Amino acid sequence: MHDIQIAPSILSADFGDLNAEIASIEEHVDIISVDVMDGHFVPNITVGAPVLKCLKSSLPFECHLMISEPEKYLEDFAKAGASIISVHYEATGPRTAEILGRIRELGCKASLAIKPATSPDEIREFLDLMDACVVMSVEPGFGGQSFMPESLPKITQLREWKSDLDIIVDGGINNETAPEAIAAGANILVSGSYIFKASDRVAAIASLKGS
Ligand code: DX5
């Protein structure tokens, strides 16, 4: 059984002081999640590899590429310090296997993300090429949205298919939805607004692990 890992998403942090924001919580979490958005695959724009390169943490960075044509940017993010690169199946389509292989060639963990409307059946063929799967529990693009419970059976299905897969749940994760996601089989919880908007961030993080 996997240990539960917490991955704060900096999407809801102060973009003008990201390293201080990371420093305020990094000893209490396991992974730093960086949401990369291009204003085309999702209706929002955030940051690219040059910003990742400036981020400082002893923790691994998960780069969630909510972008079209992610294959063009894999090397940039690997060189900028990504440990896990998550690409969206809805953006990779027929090139999915090739792209996942390239991510591993670059020395990063290969992670495939699926939007709420995408069934796990569509990505089952890629499971042996994946170190992780991001199951979106909100429509990608913005933090602070409500958790979509229809993501839970998708998590369970993936866990049944591959017991050693890192299953990342992303969107609307708080002290109420975290236990549901864990019970369904998720082992990495991405949480943005619940952590960074909390008056006591450390207590918020502890509540995600059920303490
Ligand atoms: C959506 C983003 C968010 C973020 C988490 O594209 O991926 O899911 O990481 O945001 P919260 O925890 O505020 O829903």
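This structure is a prediction, so every number in the text was calculated from the model and none was measured. Residues: numbered from 1 along the sequence shown. Below, each value reflects all heavy atoms present in this structure, side chains not excepted, and no hydrogens, waters or symmetry copies. Both ligands and their constituent atoms are indexed starting at 1 by order of listing.
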query = Any idea which residues sit under 4.0 Å from ligand 1, heavy-atom distances?
reply = S9, L11, D35, M37, H64, M66, M136, V138, P140, G141, F142, G143, G144, D170, G171, G172, V190, S191, G192, S193
task = Run through the side-chain heavy atoms of Ile, Leu, Val, Met, Phe, Trp and Tyr, join any pair under 4.5 Å, and report what else lands in V138's cluster.
result = I31, I84, V134, M136, I168, I188, V190
request  = Can you establish whether the number of heavy atoms outside K162 located under 6.0 Å from its atom NZ is more than 12?
outcome  = yes
key: Inter-residue atom distance I10.CD1 - L18.CG, 0.5 Å rounding   = 4.5 Å
key: Qualifying side-chain hydrogen bond (donor to acceptor under 3.5 Å, both in side chains) pairs with a residue from residues 11-22, counting only residues at least two apart or across chains   = E21-R201
message = Under a 3.5 Å cutoff, is there a donor and acceptor pairing between the side chains of D166 and N187?
response = yes
inquiry  = The criterion is ring-ring contact (aromatic ring centres under 6.0 Å, His included); which residues satisfy it with H88, sequence neighbours excluded?
reply    = F41, H64
